[in-house]
Amino acid sequence: MASRSSGVYRLVNITQGRRLDLFEYQGKQLFARHGIPVPSGEIVDTPEAARAAAERIGGTVVVKAQVQVGGRGKAGGIQLAKTPDEAEAHARNILGMDIKDHIVHSVWIEAASEIVKEYYASVTFDRSEKKPLVMLSAEGGMDIEEVARTNPEALATLHVDPLTGFQAHHARWLVFHAGIDEGARSGVVSILQQLYAAFTDLDSMLMEINPLIWTASGDVVALDAKVTIDNNALYRHPDLLALQTSVTDDPQERMAQEKGVTYVKLDGDVGILGNGAGLVMSTLDVVALAGGRPANFLDAGGGSKADEVVAALEVLLSDPKVKVLLINIFGGITRCDEVANGLLTALDKLNATLPIVVRLDGTNEDEGRRIISEKAPANVVVEPTMLSAAQRAVELAKGV
Amino acid sequence: MASRSSGVYRLVNITQGRRLDLFEYQGKQLFARHGIPVPSGEIVDTPEAARAAAERIGGTVVVKAQVQVGGRGKAGGIQLAKTPDEAEAHARNILGMDIKDHIVHSVWIEAASEIVKEYYASVTFDRSEKKPLVMLSAEGGMDIEEVARTNPEALATLHVDPLTGFQAHHARWLVFHAGIDEGARSGVVSILQQLYAAFTDLDSMLMEINPLIWTASGDVVALDAKVTIDNNALYRHPDLLALQTSVTDDPQERMAQEKGVTYVKLDGDVGILGNGAGLVMSTLDVVALAGGRPANFLDAGGGSKADEVVAALEVLLSDPKVKVLLINIFGGITRCDEVANGLLTALDKLNATLPIVVRLDGTNEDEGRRIISEKAPANVVVEPTMLSAAQRAVELAKGV
Amino acid sequence: MSILVDKNTKLVVQGITGREGAFHATRNKAYGTNVVAGVTPGKAGQDVEGIPVFNTMRDAVDETGANTAMVFVPPRFATDALYEAIESGVELIICITEGIPAHDMMGIYTHLRRGNQTLIGPNCPGIISPGEASVGIMPTQVFNPGRVGLVSRSGTLTYQISKELALLGIGQSSVVGIGGDPVVGSSFIDIVSRFDADPDTDLIVMVGEIGGNEEEKAAEFIAANVTTPVVSYIAGFQAPPGKQMGHAGAIITGSSGTAQGKKEALEAKGVRVGTNPTEVAQLAQEALAAL
Amino acid sequence: MSILVDKNTKLVVQGITGREGAFHATRNKAYGTNVVAGVTPGKAGQDVEGIPVFNTMRDAVDETGANTAMVFVPPRFATDALYEAIESGVELIICITEGIPAHDMMGIYTHLRRGNQTLIGPNCPGIISPGEASVGIMPTQVFNPGRVGLVSRSGTLTYQISKELALLGIGQSSVVGIGGDPVVGSSFIDIVSRFDADPDTDLIVMVGEIGGNEEEKAAEFIAANVTTPVVSYIAGFQAPPGKQMGHAGAIITGSSGTAQGKKEALEAKGVRVGTNPTEVAQLAQEALAAL
């Protein structure tokens, strides 16, 4: 059971609004295009290229692991290099590193900055208010959540009316109330306005700069960049579409991405296929209540056709941990006869012998059940209710 | 007294929101930058250059007088030329032509279009509703005002919420309701959206295309362009500022423009200087009621200082028709003593001998009157009220 | 007998000549819903199974007096269609379309909340008032007239719970799928308060899931304002912990967003929560028996 | 005794440390107006003749309870200042600044009209309620307490007509300069109806000029809704005919926009119109005598 506040993030985003998470270096490139100052740098994927980049940039550089997860600093994924030699050595250590199940495939080499002060700035979509929320703090650095908890006064927050937008006076109010140093104020005001413009122009759900630094030369610069984009809006950002690369190292998740199946791996042995995110989540819960352990979340979607059922089953059957399949369909747009036919096709094609428990309800349910009872092999059993189907699947998983 | 509906346009715009009127060719260049199709063309100011342009463009071209006034077609300011020779000859005729007091200084040479149908499209600032108004008609061509009067059904009109903007469904509604031909619909929908975007991006007060044509090749093209820009917004359009050239051929109006004085020439002999557009207009009226004829409108502005009074008097005194000056000041921000000192400076500098009637009221009025009665030459008289001052000025104008 | 849609509904279907639009408009009409018009630009004069098609929403409303719109147009054109529906003046807009960008919806939501029109969805299965009208894509055979008001973020879960209720002989006054997107036009609170004001709704069943804090907000609202009894179901107890980009989200949520957190928030305000669809139907049966 | 500004006004001046802002804030205070705060970003902690300065409008309103804002910031920053004033929640905003782009004002106007805050101006001389409060740049010596409500599009003409009234011994309840820009926050109709509802206003003097159709709209409104007698003055009978770019403007105006047209529209609705400032003061005197 998830206990951390961030615990449900992954499934929530998968079921209720998928997002494209960008790497730091991609975020910084977007920032630069929107007029937000960032240190100059290069992205590389070998130690040798890291050395060459450090030579070109000159002086002290920072070698930063590119992973789409927080905490890389503590994990040793960020290192200062005074020479190209050091840069190469650090890159060698960092490339291939495993940071919270994310393998580092590339590092960003950038000019080191002389930091006078670290701030925090972000624009987020606030789901509760259904508005963008801008946050600013003079207490930037590692753990802004801690600042929010222990010293909320240090975090200035402001919701924005999406129709009239984020205006100069909003930026000023934030800067004064976050306690930004006087010399950095106009730089921060300007960055906040650019950040909001980038947030709306790019259909972003999050743009976070932590730390936003005030440098010895008096500039305000984004030293990190966390950017996520609303997948629903990618059609109007063809350049961002190209950034949408697979970031999972799990074979089933990778296969699901390739086939366009909404899939999340869990650690149980009851493979689950359902239609509609709510029903699938409910199926996981019912399996757990019956004493079993779900192997995955898999939503075949609202209007599942035979092809989609085949693709979904291919993903599930490729997982050696799965001992039994539970197929739970309530047809609205989805038609049960199409699901049944898809199942037969898949079984035929994949030669699956593991036990499969099927529950079919809704549109064309009689036809669907008839197809299975007449044509399906013996390892396929039909149960009349969701609860009984889950119980049967759990029994079978334990029994095998 | 103005009788046409457009009669008060000039003074209204001067007193209540000055605007920059662009030439057709400038409007078309802006259109092109905003994705609105226009015929290719060149701007020239000699017959020889017209020939060269016609050669480069090739085929039949149109030679169009560039003047900031309507009715040039009827005046012979638009001519078709099948050869470069003809283009040169037409340019020779048109350049220097006087169209409603506007001298033609340049002509636009553009490729002739094969017109299937002429439409009308515009986006205007509707002062009454305080919103942009988009208008579209399948009955384009010469006189859209006539269409509006006699066949209002043929003119589809729609106000736009400036916060949510002009949307595709608005464009579709206009296209269906204006009765645009089916083959031209998507072209017109697209142009309307671009036109509205240009209207807002450029702080325009009017963008009018008449005719908007549907060509034999199936394209929809802007064959004319009337564009006016809000002067108050020119600071954010430095490229448009450069287009702000003098278009008057009147020496006083030209001098006023150079000195930044708000001046309009009239045809009487009583020169008028006042502060505030309302008071100056009222002064014109009172002079007329007293039986006189005002020579001009001149608003020295809300906070008139000595320098501005000098500049204003220079403009007035340069007009040989002016027989008497009426200076009518009601000081709010303006201070009467500063006006009096400015007057003395101007008289000293300009050596004016014509009679000058002064009425000073408001802030520092006693001081202002004292300065004049003590130091002004004998041709300057002070009157206690606006009405008596106007009457005195009219008497003096008649007596001289 | 119902909220939002009923015998007085006069429905216009935006995108009626599309595959899904035509299919469901026809089904809704077959259920008895008064489908008066459809809209597809350029197809005015055609009809879909006798339903007249217009070029624009304004024309459709002017000609037929439609008071409810259902949006079936593809996501790239749905934002435009929603604004068109709003400007046409219909009282209720039900948006089935899935995949509308969140930024578009923020603008629409803000705009809409300044007036008094109602939006259900997007990314929702619609509304059914059994025996009166069905607007949307729900499998009508699962629903029976009755006195339970059902509101849900999930489509298929709505059918599942309605089926469980049917097995116990319980029907609904209305069933409202508010949609699963981050920005939807109407929240649990909006619909719960409509059910509370409906004399023919005796019990409210609220079906939530992980993510956001709408269930927690509804719990507060119910405790403070709602007199009709409420039972609830939450899906997603088995949702896996995962990574999070950035910290801004964690700072603002306040509530955990977990199923357990939502269950506890509801129970703290006296709302009983089932942990599976069968159980919530039983809770509903008990609550009805206690009336 | 007045509308809009009075003894209860608590004024915050935006742009108070500028030359004009400081001068007029000080003058307004000297007249007896309760000037509680000024705003200039980065100058919090300073004061202008004892008026405390804040960084933001929100701070100023939070700290002083200001209910009225006066905008004195330069045109390039005035749009931002106006939105800041709106969001600060003050009831009344008076914008003196001249030269704000019309497109900015269209947005502000549309936004503002959805709520219930009032904007006077921009490009206006402000409001004076003689003997109570003066907010703006008017020369206060011209105005005396009385029972005439004066509303005008023009600054100096307002002073002229007030002077003519003073010569006849007539004072004002309030004098409102609504501003001469194409988009102003409050129209003749808005102010006339406030005067009509004011028990201490016996007569309304409406001062218009050429351009637009606000006077014509006011004539209709007065005939239909206003019980307080109204007299009017229109400036610009001698305005010269001129050219016009394009035809769109001529199509939409409907009314001619001329002084003569406005005079006729008003007289057709029973409003007497003076053709010079002296005459309108006499008309006011006659109307007051007839009460």
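Letters go in sequence order (proteins before strands), and every chain restarts at 1. Everything numeric in this text was worked out from a predicted model, so none of it was measured.
Interface residue Ile100(C): only backbone heavy atoms are found under 4.5 Å from chain A. Interface remark: Pro132(A) contributes backbone and side-chain atoms alike to the contact with chain C (heavy atom separation under 4.5 Å). Neither the backbone nor the side chain of Met138(C) comes within contact range of chain A, judged by heavy atoms closer than 4.5 Å. Only the backbone of Ile234(C) comes within less than 4.5 Å of a heavy atom of chain A; no side-chain atom from C-beta onward does. Residue Asp224(A): no heavy atom, backbone or side chain, is found under 4.5 Å from chain C. Neither the backbone nor the side chain of Arg149(A) comes within contact range of chain C, judged by heavy atoms closer than 4.5 Å.
Cation-pi contact between Arg127(A) and Tyr109(C): absent, since separation from the ring centre below 6.0 Å together with deviation from the ring axis within 45° is not met.
Between Met281(A) and Ile210(C), some side-chain heavy-atom pair lies under the 4.5 Å cut-off.
Between Met386(A) and Pro277(C), the shortest heavy-atom contact is CE-CG, 3.9 Å. When all heavy atoms are compared, the tightest approach of Gly278(A) to Glu209(C) is CA-OE1, 3.8 Å. Nearest heavy atoms, Gln141(C) versus Gly362(A): NE2-C, 3.6 Å.
Atom CZ in Arg76(C) sits 11.0 Å away from atom CG in Asn232(A) (nearest 0.5 Å). Expressed to the nearest 0.5 Å, how far CG of Leu289(A) lies from CZ of Phe237(C) amounts to 8.5 Å. Put simply, CD on Gln160(C) and OG on Ser282(A) are 6.5 Å apart, with the number rounded to the nearest 0.5 Å. Rounding to the nearest 0.5 Å places NZ of Lys163(C) at 9.0 Å from OG1 of Thr385(A). Expressed to the nearest 0.5 Å, how far NZ of Lys130(A) lies from OG1 of Thr110(C) amounts to 10.5 Å. One finds the NE2 atom of His111(C) at 7.5 Å from the CG atom of Leu163(A) (value rounded to the nearest 0.5 Å).
Ranked by heavy-atom pairs under 4.5 Å with chain A, the first of Pro75(C), Pro101(C), Ser154(C) is Pro101(C). The candidate from Thr278(C), Val142(C), Asp104(C) with the greatest count of non-hydrogen atom pairs under 4.5 Å with chain A is Asp104(C). For the set Glu129(A), Arg293(A), Arg236(A), Lys100(A), the count of heavy-atom pairs under 4.5 angstrom toward chain C peaks at Arg236(A). Between chain A and the residues Gly208(C), Ser187(C), Pro139(C), Gly179(C), the largest count of heavy-atom pairs under 4.5 Å involves Pro139(C).
A distance-only check finds no donor-acceptor pair linking the side chain of Asn276(C) to the backbone of Val286(A) [under 3.5 Å]. The closest donor-acceptor contact from the side chain of Asp285(A) to the backbone of Ala235(C) lies at 3.5 Å or more, if one exists at all.
Annotation for Phe77(C): atom CZ does not count as buried by contact number, only 12 or fewer foreign heavy atoms lying within 6.0 Å.
Asn275(A) and Thr156(C) share no donor-acceptor pair across their side chains, judged by distance under 3.5 Å alone.
The six-membered or imidazole ring of Phe199(A) lies near that of His103(C), with a centre-to-centre distance under 6.0 Å.
Listed by chain and residue number, Arg172(B) satisfy the salt bridge (Lys or Arg N to Asp or Glu O under 4.0 Å) test with Glu84(C) (two or more places apart in sequence, or in another chain).
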- Task: Please assess Leu279(A) against Tyr159(C) for the test side chain to side chain contact (heavy atoms under 4.5 Å, CB included), listing each intermediate value before the final yes or no.
- Result: CA-CA 9 Å; Leu279(A) 185 65; Tyr159(C) 319 153; over 6 Å; no

